[in-house]
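Values below: all heavy atoms of this structure, side chains included; hydrogens, waters and symmetry mates excluded. Each residue takes its place number in the sequence, starting with 1.
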Amino acid sequence: MQRAVPFLVVGAALAAALGLLTPIGWVQSWLIGLGLTTFAVYGWDKARAKTGGWRVPEATLHVLALAGGVAGAWAGRAVFRHKTRKREFTVVLAIATVVWAAVLVVTSA
């Protein structure tokens, strides 16, 4: 979890900027900010996987998805073809998708 904190801070900063500068709601701002951050982290981790070096722990990728970066995680898997063979990632992303879809439904009503 500790390694996820800097990424969560970046996502929260993006979300705050979106929330303050655009008319979209705070939940949507959060999902976009965390989604963009998570997408970038997936890309960075894939690049590191190809070149060697420090990798982003899988737990960090899960935390980012569960914290609201679910769209970025799905997009990162598709675009970078990263973590697509790991069933655990599919399960975590499916759960996060259902939870955040419910949050959107409840907060949009």
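In this structure, Leu64 and Ala4 approach most closely via the heavy-atom pair CD2-O, 4.5 Å. Of all heavy-atom pairs spanning Arg81 and Lys46, the tightest one is O-NZ, 3.2 Å. When all heavy atoms of Thr38 and Gly72 are compared, the closest pair comes out as CG2-C, 4.1 Å. Of all non-hydrogen atoms in Ser108 and Gln28, the two that sit nearest each other are OG-NE2, 3.9 Å. In terms of heavy atoms, Val70 sits closest to Ala96 at CG2-CB, 3.9 Å. Residues Gly11 and Thr37 approach most closely at CA-OG1, 3.2 Å, considering heavy atoms.
A donor-acceptor pair under 3.5 Å is absent between the side-chain atoms of Trp74 and the main chain of Ala94, judged by distance alone. Under the 3.5 Å distance criterion, the side-chain polar atoms of Arg77 are matched with a main-chain donor or acceptor of Lys83. The main-chain N or O of Arg55 is never found under 3.5 Å from a side-chain atom of Trp44 such that the two would form a donor-acceptor pair. Formation of a donor-acceptor pair under 3.5 Å by the Asp45 side chain with backbone atoms of Val56 is found in this model.
Between Phe89 and Tyr42, the two ring planes are perpendicular [angle over 60°; tilted spans 30° to 60°]. Relative orientation of the Phe39 and Phe80 rings is tilted, given thresholds of 30° and 60° on the angle between their planes.
Using a 4.0 Å cut-off between charged side-chain N and carboxylate O, Lys86 and Glu58 make a salt bridge.
Residue Val27 is grouped with residue Trp30 when hydrophobic side chains (ILVMFWY) are merged at heavy-atom distances under 4.5 angstrom, including chains of intermediate members. Under the 4.5 Å side-chain heavy-atom criterion for Ile, Leu, Val, Met, Phe, Trp and Tyr, Val9 and Leu20 are members of distinct hydrophobic clusters. Residues Leu34 and Leu18 do not share a hydrophobic cluster, defined by chaining ILVMFWY side chains whose heavy atoms lie under 4.5 Å apart. Hydrophobic cluster membership differs between Leu36 and Leu21, with clusters built from Ile, Leu, Val, Met, Phe, Trp and Tyr side chains linked at under 4.5 angstrom. Hydrophobic clustering of Ile, Leu, Val, Met, Phe, Trp and Tyr side chains at less than 4.5 Å, counting indirect connections, unites Trp100 with Val41.
Side-chain N/O atoms of Trp26 and Thr107 include no donor and acceptor closer than 3.5 Å.
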task = Take Ile32 and Leu14, measure what side-chain contact (heavy atoms from CB on, under 4.5 Å) needs, and give me the verdict at the end.
result = CA-CA 8 Å; Ile32 293 168; Leu14 286 171; over 6 Å; no
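Put simply, the side chain of Leu104 reaches to within 4.5 Å of the side chain of Leu31, judged on heavy atoms.
Taking OG1 of Thr90 as the start and CZ of Arg85 as the end, the distance is 12.5 Å to the nearest 0.5 Å.
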